[in-house]
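Below is one structure, written out as structure tokens; comments come after it.
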2 protein chains.
Amino acid sequence: MPQAFERHDHGTCISAALRAAEDACAGRGLSLTPLRRRTLEILLESHAALGAYDVLARLEAEGFGSKPPVAYRALNFLVEHGFAHRIEALSAYVACARPGAEHAPSFLVCRSCRRVAEEAIAVPLAPEAEAEGFAIERTVVEAQGLCPACRGAS
Amino acid sequence: MPQAFERHDHGTCISAALRAAEDACAGRGLSLTPLRRRTLEILLESHAALGAYDVLARLEAEGFGSKPPVAYRALNFLVEHGFAHRIEALSAYVACARPGAEHAPSFLVCRSCRRVAEEAIAVPLAPEAEAEGFAIERTVVEAQGLCPACRGAS
DNA sequence: ATCCCTCTTGTTATAGTATAACGTCCGCGC
DNA sequence: GCGCGGACGTTATACTATAACAAGAGGGAT
């Protein structure tokens with residue numbers, strides 16, 4: 001399912017994610033404006049994490065605004081509503097690979113090509129948090145390393 | 001053991017961590033210079049994550065250099081050798097709470113007071129990585145939320 | 001139709017985080 | 001003494017992110 005590092009029909013990824021975003025927006029009264037939709041499409045073009053300024057450059061080239069808030073607002077919208085995720089260790093953004101599914105995301109992040117595979121795992125630390133009276137609100141789980149392709153290319 | 005959110009003899013934390021750093025440096029041919037040692041002491045003063053510029057301000061006030069590389073180099077030294085950790089979600093740094101022990105660290109991070117409890121858990125994602133041929137080099141596991149004290153103070 | 005309100009996008013300006021590149025000093029082995 | 005490597009200091013710059021304000025679009029109430 002998390003096929004970032006495997007051959008797959010990428011067009012399906014894109015259309016499924018766009019469809020899921022459209023449906024979710026319709027269902028929740030959110031507006032998937034041209035800017036937001038295009039931002040999601042840019043992230044969906046690859047399974048690689050993109051920096052906000054990379055996204056901004058693409059948007060600007062297509063006639064959208066050129067200043068950082070334009071990209072940050074669109075990215076924050078996508079992240080808030082689960083259509084994209086932020087990779088903390090890279091300060092970068094990636095499209096959600098499990099659109100529509102509720103999940104505490106976790107990631108395999110290649111340090112060479114920046115491609116990201118999204119996995120479904122149980123949220124760790126829950127028992128420890130419970131024991132200490134700590135209320136978990138969000139978890140960040142990222143494994144960095146080398147993907148199969150980049151290992152081979154070494 | 002991870003007692004950031006509990007009453008404890010904090011002097012013991014500090015002296016144990018300093019001792020561990022001294023021993024590790026001696027054993028590995030590293031030099032725990034005054035700058036590096038003082039940087040570690042600053043982190044050890046509390047269990048809270050400090051930004052690099054917070055550390056830098058403290059160092060400058062004590063007569064060390066005032067420019068960012070001074071703090072970043074000392075912090076990077078401590079992180080590389082396991083005497084401190086970087087909290088990715090905060091772009092901040094915290095002293096290691098398990099000095100001397102090999103570990104893939106994981107953290108409970110309070111969003112209110114920035115205190116950090118370091119936990120020992122099995123590295124997640126290993127089976128998924130294995131299945132995909134992904135070579136994990138480092139894991140980032142951080143749970144953000146509210147610590148007991150900050151929950152109470154709400 | 002007009003007014004008001006909210007939301008979105010755009011701007012300017014600035015804040016916060018991090019590193020590249022270069023110079024100096026010091027201690028050590030020769 | 002000399003050369004070398006490591007640590008620390010600097011200057012300058014790059015990268016990431018947000019605060020604050022302006023303008024236009026659309027909807028609902030009157």
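Letters A, B, ... mirror the listed sequences (proteins, then strands); counts begin at 1.
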Closest non-hydrogen atom pair, A:S66 against A:L56
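Looking at all heavy atoms of both residues, the closest pair is O-CD2, 3.5 Å.
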Distance check needed: [N] [atom2] versus [X] [atom1], whole Å only.
X     : N      : atom1 : atom2 : answer
A:E88 : C:dA18 : CD    : C1'   : 16 Å
A:K67 : C:dT14 : NZ    : P     : 15 Å
A:N76 : C:dC7  : CG    : C1'   : 16 Å
A:L56 : C:dT11 : CG    : C1'   : 13 Å
A:E60 : C:dT9  : CD    : P     : 16 Å
B:D54 : C:dA15 : CG    : P     : 16 Å

Toward the 5' end of DNA chain C, by each residue's nearest nucleotide, B:L90 or A:T33:
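The residue whose closest nucleotide sits nearer the 5' end is A:T33.
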Where each residue is assigned the nucleotide of DNA chain C containing its nearest heavy atom, which of B:S91 and B:R73 is assigned the position nearer the 5′ end?
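Whichever sits nearer the 5' end wins; that is B:S91.
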DNA chain C in dot-bracket, Watson-Crick or G-U pairs under 3.5 Å, [ ] crossing, | other strand?
||||||||||||||||||||||||||||||
Other residues, nucleotides and ligands only: do more than 12 of their heavy atoms fall within 6.0 Å of CD on A:E130?
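At most 12 heavy atoms, drawn from other residues, nucleotides or ligands, come within 6.0 Å of this atom.
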With a non-hydrogen cut-off below 4.0 angstrom, is A:Y93 in contact with a base, only sugar-phosphate, or nothing?
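Answer is sugar-phosphate: A:Y93 comes under 4.0 Å of backbone atoms only.
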Is there a side-chain contact between A:D54 and A:I42, using heavy atoms and a 4.5 Å cut-off?
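With C-beta onward as the side chain, the pair stays apart.
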Classify the angle between the aromatic ring planes of [X] and [Y] as parallel (below 30°), tilted (30 to 60°) or perpendicular (above 60°).
X     : Y      : result
A:F77 : A:H81  : tilted
B:Y72 : B:Y53  : perpendicular
A:F5  : B:F134 : parallel

Output yes when A:R38 and A:E45 qualify as a salt bridge under the 4.0 Å nitrogen-oxygen rule, no when they do not.
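Answer for the salt bridge query: yes.
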State whether A:R138 and A:E88 are salt-bridged, where the test is any N-O pair (Lys NZ or Arg NE/NH1/NH2 against Asp/Glu carboxylate O) under 4.0 Å.
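Yes, charged N to carboxylate O under 4.0 Å.
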Does B:Y53 get its side chain close enough to the base of C:dA18, under 3.5 Å, for a donor-acceptor pair?
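When only heavy-atom distances are counted, B:Y53 does reach the base of C:dA18 through a donor-acceptor pair under 3.5 Å.
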How long is the gap from CZ on A:R86 to CG on A:L75, to the nearest 0.5 Å?
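Rounded to the nearest 0.5 Å, the CZ-CG separation comes to 10.0 Å.
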Would you tell me if any nitrogen or oxygen in the side chain of B:Y72 comes within less than 4.0 Å of OP1 or OP2 on C:dT19?
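For B:Y72, the contact criterion (side-chain N or O under 4.0 Å from OP1 or OP2 of C:dT19) is not met.
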Please find the earliest and latest nucleotides of DNA chain D, in the 5' to 3' direction, that have an atom within less than 4.0 Å of any heavy atom of chain B.
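Footprint of chain B along DNA chain D, 5' to 3': D:dA7 to D:dT11.
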